[in-house]
Amino acid sequence: MYISFVSNIVKTNAEGYEHLISLYQDLLKSDDNVVQCNFYNCVDFDANLASVLGVLLDLLVEKGKAVYITRPKGKHVRRCLARNKFLKAFDIETDTEDKERYIQYNKFSTSDSTDFKEYIKIGLIDKQKFPMHTEQAGKYIVENIFEIFANATTHGDCEYVYCCGEYKDNCNPPVLDMTIVDCGNTIYKNVNTFLRNRQNFSPCEAIRWALKEGNTTKSNTGGLGLAQIESFIRQNKGELQIVSDRGMCELKNGVWNDITLENRFPGTIVNMKFNFEDTKLYYLKTEVDFNNLL
C-alpha cells in the first residue's frame, strides 16, 4: 500500500488547493494500485475542503486505484470531518452528531437537481445567521447557485457534483464557506474550445471571461450563474474563489486577484464565503413598488 500524508494545516487558500492537488498526483503516480490518504499529521483542515478531497479520491478510484483514508488522529479534524459526514462517506463510522455549523458533505448525480436545490435551501439559505432576505430573494440566490450545478453537468460533462460547507465563527467577521466541485472539463478548455482562434486565454483569463454576465459556451442563453452570485457577495462583503486548471481567481475585499497554480486541478472549484455579520435586508428590485414609496 502506498501512503500519502495530508499536510498538518490545510486551509481554503491557494496553498491548500495546491496541497490537495499534489496529494492526488502523488497517489495517482504511485506504482501501487492500493493507496492511502493518511491524516496522521493533520491538525487543522477546513471542513468545506472535504468536497475537493472527496472528488479527487473518487477520481483515483475511476483511474483504477483502491483508495483508503485513515481516521484523523487530531481531535479537531476528526470532529469536523465526522460532523459533515465526510468520514462516513469513506466507510469510517463515528458517533458524532451533526451540528449547525456544518453543511453536510454530499455527492449529487446529474439527475439530482431537485435534491441539490433543497440541499442549498436547507443547508445555506435557511441557516439562522444567513443574511436577512425576502422569500423571493432567497429563491433567486438558490437558483443562481443551482446554475453552478447545472453548468458542471453541461459545460463540464461530469457525472457528479460534490458540495459541503463550514460556518467559521473564529473569523472576523464570522463566515460560512460553501464549496462546490466537479471533475469535468475545465473552464480553460471549454472557453478556448468555444472561442477557437478568436482568443487564446490563459486559465485565469478564461475564468474571468466566464464570469462576465452574458458570456456562455452553451448553444442557448445562460452562464455560470456566477455574475449574480458575485454581485450578492460584493454587497455582502464576502469572498469568492474559482479554481479551474491552473487558474485561481479570488474576489477579496471587493478586488479580483489572479493566481497561477503550479499544478493543474482537473475540474472546477467554486468556493463562496458568505459574511454572516451582514445586517442588511436583501430583496429583489421587482419586489419594490416605486409608486408607493413614502
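What you see is a predicted model, and the numbers here were worked out from it, not measured in a lab.
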Please tell me whether Asp44 and Asn8 have a donor and an acceptor in their side chains that are separated by less than 3.5 angstrom.
no

Taking the six-membered ring where the residue is Trp, are the ring centres of Phe201 and Tyr188 under 6.0 Å apart?
no

Return the orientation label for the Phe39 and Phe86 ring planes: parallel under 30°, perpendicular over 60°, tilted otherwise.
perpendicular

Please determine whether a side-chain nitrogen of the Lys or Arg among Glu143 and Lys117 lies less than 4.0 Å from a carboxylate oxygen of the Asp or Glu.
yes

Is there a side-chain contact between Ile145 and Leu124 in this structure, where contact means two heavy atoms from C-beta onward sitting under 4.5 Å apart?
yes

Asn190 and Thr193 side chains, donor-acceptor separation under 3.5 Å
no

Is a donor from one side chain sitting under 3.5 angstrom from an acceptor on the other, for Asp26 and Tyr2?
yes

Applying side chain to side chain donor-acceptor pair (under 3.5 Å) to Gln36 and not counting sequence neighbours gives Asn38

Would you sort out whether Asp169 and Arg101 count as a salt bridge (charged side-chain N to carboxylate O under 4.0 Å, His left out), showing the intermediate values?
CA-CA 9 Å; Asp169 55 7; Arg101 63 185 295 120; 3.5 Å; yes

Between Tyr17 and Phe265, is the ring centre distance below 6.0 Å?
no

Quiz question: by atom type and distance under 3.5 Å, do the side chains of Tyr160 and Asp112 form a donor-acceptor pair?
no

Are any of the side-chain nitrogens in Lys139 or Glu135 under 4.0 Å away from the carboxylate oxygens of its partner?
yes

Quick one: sort the Phe108 and Phe149 rings into parallel, tilted or perpendicular, breaks at 30° and 60°.
perpendicular

Quick check on the 6.0 Å ring-centre criterion: do Tyr40 and Phe5 meet it?
no

Can you classify the ring geometry of Tyr105 versus Phe90 as parallel (below 30°), tilted (30 to 60°) or perpendicular (above 60°)?
tilted

Looking at every heavy atom in both Cys204 and Gly247, which two are closest together, and how far apart are they?
SG-CA, 3.7 Å

Could you walk me through whether Arg234 and Glu230 pass the salt bridge (charged side-chain N to carboxylate O under 4.0 Å, His left out) check?
CA-CA 6 Å; Arg234 282 184 180 276; Glu230 178 191 349; 3.0 Å; yes

Under 4.0 Å between a Lys/Arg side-chain N and an Asp/Glu carboxylate O for Asp278 and Lys237?
no

Can you check side chain to side chain donor-acceptor pair (under 3.5 Å) on Thr12 and Asn48, steps first, answer last?
CA-CA 8 Å; Thr12 309; Asn48 55 288; 3.1 Å; yes

Heavy-atom closest pair (Val55 atom, Asp182 atom, distance to 0.1 Å) is CG2-C, 4.3 Å

Parallel, tilted or perpendicular, judged at 30° and 60°: which one describes the rings of Phe146 and Phe116?
tilted

